[in-house]
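Bear in mind that the values here come from a model prediction, so they are computed numbers and not experimental data.
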Amino acid sequence: MLAGPALHNRFMQSPPSFSRDILARLDKNGPRYTSYPTADRYDTCFGPDQYRQALSCRAQEADARGALSLYVHIPFCESLCYYCACNKVITRHHERAARYLDALQREMALHSELVGRGQPVSQLHFGGGTPTFLSDAELDGLMAALRSHFHLLPDAEISVEVDPRTATAERLAHLAGLGFNRLSLGVQDFDPAVQRAVHRIQSYESVRDLMHSARELGYASVNMDLIYGLPLQTAESFARTLEQVCGLRPDRIALYGYAHLPERFKAQRRILPAELPDGETRVALLGSAIARFLEAGYDYIGMDHFALHDDALAQAKRAGRLHRNFQGYSTQPDRDLIALGVSAIGRVGATYSQNAKTLDDYYACIEQGEFAVERGLAMSADDLLRRDVIMAIMCQGGLDFRAIEQAHGIAFESYFAEELQALQSLAGMGLVHCRPNGLQVSDLGWYFVRAVAMVFDRHLRERRTQAQYSRIV
């Protein structure tokens with residue numbers, strides 16, 4: 001990550017205050033920048049042939065590229081959460097997983113044929129959907145298949161998203177036996193009225209018991225996902241949730257702003273717009289969460305992530321080793337990511353790729369012995385440059401112009417003259433501090449760090465549309 005040493009050790013000590021004028025000027029939509037260019041820029045000109053070529057290049061440069069990251073998408077869920085924007089298949093028919101697991105194994109084999117069997121893997125993540133929709137036996141088979149095609153390193157981070165409504169202590173023990181050492185629990189909110197409004201009922205007690213089990217089993221890290229901006233959330237109800245979460249003391253907390261996009265996600269049409277908090281309340285909810293987590297001893301990693309001070313994520317932030325990928329902030333270096341399953345997004349070299357978004361299309365490709373890549377992108381030199389700039393802002397909260405110049409062979413001030421001019425308005429609001437050889441996001445600016453990154457997004461500027469993105473705050 002290209003940021004200067006002075007930018008590495010900054011942690012917000014207390015949440016800043018801001019005016020309604022700033023909120024009004026920045027109450028807009030924008031990308032979350034888990035990648036740059038963002039996934040909506042991918043197109044169908046990039047398909048299986050281009051992906052195969054990227055993998056072949058990887059095979060020729062394996063030693064230089066280092067270990068892989070793997071992502072496995074399990075799309076099945078037993079019930080529908082109204083807020084959810086993930087690719088999922090709602091079903092109680094667990095037998096539907098059999099065909100999917102067979103397809104995943106075929107997809108692994110396709111990769112092994114090109115990059116070689118036994119490639120080292122330092123990071124494996126199961127996402128969804130609900131990965132724990134799978135039975136113990138199915139998880140056994142899936143992990144065995146992964147280990148037969150890839151080499152999971154002894155110190156690999158192996159994580160899984162867990163639904164507290166269906167997981168048990170016995171299930172956590174089984175996952176630990178398979179090698180999983182990190183958990184992410186989907187909590188969202190503990191308030192019963194909010195839970196009913198989003199169709200996700202789960203008790204505080206069930207989450208508490210899972211937390212205790214995870215500690216006893218020796219999981220290295222437990223994350224909790226929360227969402228602010230959900231229907232019927234109030235300052236008082238959310239404060240109670242924050243107290244309960246802090247009492248459970250997860251190692252990490254991911255606090256996401258709810259993105260209400262009913263025109264894109266059909267399930268969200270069941271949420272009543274009149275029950276959603278207004279912009280001022282949303283910001284107050286975010287501010288209260290940041291204040292409470294800081295008070296409880298968490299470091300503010302950036303945008304939507306918090307970690308206990310001695311957690312690896314906080315240590316990486318202090319050391320300037322923080323990265324960002326499709327799962328959010330990460331301690332792992334910027335590795336090639338092979339993504340398996342329907343709709344899964346990966347990155348190999350200077351390319352992004354996304355698999356088919358429907359099961360039928362995914363099966364049609366895989367069962368014919370072809371990669372299911374439906375669209376993607378081969379990054380240009382400008383994309384790679386701006387990717388480094390945006391990720392430095394998102395991860396380190398600033399830029400060292402000279403480091404960017406040395407890495408990309410450009411003169412920063414002339415190449416980004418338009419962007420530096422545009423930053424002046426954000427500097428005037430106190431969001432960034434502009435210096436002769438760099439810029440730094442202020443404590444206030446972390447609330448709106450996406451707005452800072454958006455200044456350098458050429459694709460966003462040229463298309464001039466932000467409707468498909470979530471709100472910045």
Side-chain angles (χ1 to χ4, degrees), residues 35 39-59 68-78 80 84-117 119 124-131 133-135 138-139 141-146 148-150 161 264-267 326 336-349 351-378 468:
S35 73
D40 57 304
R41 310 307 180 194
Y42 308 167
D43 61 49
T44 55
C45 293
F46 189 102
D49 290 341
Q50 289 74 24
Y51 183 61
R52 192 179 295 105
Q53 182 178 0
L55 289 174
S56 296
C57 291
R58 155 89 198 181
L68 287 165
S69 290
L70 293 180
Y71 172 72
V72 181
H73 189 75
I74 309 297
F76 304 107
C77 294
E78 287 191 358
L80 178 65
C84 184
C86 298
N87 184 289
K88 69 271 184 187
V89 176
I90 307 302
T91 180
R92 292 185 178 272
H93 296 283
H94 284 250
E95 65 274 11
R96 293 187 65 181
R99 185 182 180 188
Y100 189 74
L101 292 170
D102 179 69
L104 284 177
Q105 293 196 40
R106 295 187 187 201
E107 191 177 11
M108 293 176 211
L110 289 172
H111 283 87
S112 291
E113 291 170 6
L114 277 177
V115 301
R117 189 179 290 267
Q119 290 294 304
L124 168 63
H125 181 74
F126 279 24
T130 306
F133 178 93
L134 302 178
S135 68
E138 288 169 334
L139 286 166
L142 179 54
M143 285 300 293
L146 284 165
S148 74
H149 289 282
F150 303 96
E161 296 172 11
R264 291 183 58 193
F265 307 111
K266 186 176 179 180
F326 294 108
D336 285 346
L337 169 64
I338 287 180
L340 305 170
V342 63
S343 77
I345 301 177
R347 184 186 69 81
V348 178
T351 71
Y352 291 113
S353 59
Q354 182 173 27
N355 280 349
K357 295 182 180 180
T358 69
L359 282 179
D360 285 345
D361 289 343
Y362 173 71
Y363 289 147
C365 294
I366 298 298
E367 291 172 359
Q368 292 176 14
E370 182 56 276
F371 288 108
V373 172
E374 185 174 77
R375 63 192 191 119
L377 177 76
Q468 70 269 40

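Leu70 is not listed as a side-chain neighbour of Met108, based on a closest heavy-atom distance of 4.5 Å or more. Considering only heavy atoms from C-beta on, Leu359 comes within 4.5 Å of Arg96 through its side chain. Residues His111 and Tyr51 form a side-chain contact, since some pair of their non-hydrogen atoms from C-beta on lies under 4.5 Å apart. Two residues are said to be in side-chain contact when any heavy atoms from C-beta on lie closer than 4.5 Å; Leu110 and Ile366 meet this criterion. By the 4.5 Å heavy-atom criterion applied to side chains, Phe265 and Cys84 are not counted as neighbours. Counting heavy atoms from C-beta on, the side chains of Arg117 and Ser148 come closer than 4.5 Å. Taking 4.5 Å as the limit, every side-chain heavy atom of Val342 sits out of range of all side-chain heavy atoms of Val89.
When atom types are taken as modelled, the side chain of Arg106 and the backbone of Gln368 share no donor-acceptor pair closer than 3.5 angstrom. Counting only distance, with no hydrogens or angles, the side chain of Glu78 and the backbone of Phe133 share no donor-acceptor pair below 3.5 Å. Distance alone, capped at 3.5 Å, places no donor-acceptor pair between the Arg92 side chain and the His94 backbone.
Considering every non-hydrogen atom in both Val373 and Ser353, the closest pair reads CG1-CB, 4.0 Å. Listed here is the closest heavy atom pair of Thr351 and Ala378: CG2-CA, 4.2 Å. The minimum heavy-atom distance between Ala344 and Ala339, with the atom names listed, is CB-CB, 3.5 Å. Across every non-hydrogen atom of Cys365 and Ala372, the tightest pair is CB-CA, 3.7 Å. Counting all heavy atoms, side chain and backbone alike, Ser35 lies closest to Tyr42 at OG-OH, 3.4 Å. Nearest approach of Asp49 to Arg52, heavy atoms of both residues: OD1-NH1, 3.0 Å.
Aromatic pair Tyr100/Tyr362: ring centres closer than 6.0 Å.
The side chain to side chain contact (heavy atoms under 4.5 Å, CB included) with Ser343 is formed by just one residue from the set Glu374, His73, Lys88; it is His73.
How far CZ of Phe371 is from CD of Gln50: 12.5 Å, rounded to the nearest 0.5 Å. Note that CG of Leu142 is 4.0 Å distant from CZ of Phe126, once rounded to the nearest 0.5 Å. Considering CG of Leu340 and OH of Tyr71, their distance stands at 10.5 Å, rounded to 0.5 Å. For the atom pair Leu68 CG and Phe150 CZ, the distance stands at 7.0 Å (nearest 0.5 Å). How far CD1 of Ile90 is from CG of Leu80: 5.0 Å, rounded to the nearest 0.5 Å. Rounded to the nearest 0.5 angstrom, Asp361 CG and Asn355 CG are separated by 11.0 Å.
Between the side chains of His149 and Gln105, no donor-acceptor pair is found at a separation under 3.5 Å.
Relative to the ring axis of Tyr363, Arg99 places its NZ or CZ within 45° and under 6.0 Å from the centre.
Residue Glu138 places its CD atom among more than 12 non-hydrogen atoms of other residues, nucleotides or ligands, all under 6.0 Å distant.
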> When you look at Leu124 and Met143, which way does the side chain to side chain contact (heavy atoms under 4.5 Å, CB included) test go after all the steps?
Replying inline: CA-CA 10 Å; Leu124 168 63; Met143 285 300 293; 4.1 Å; yes

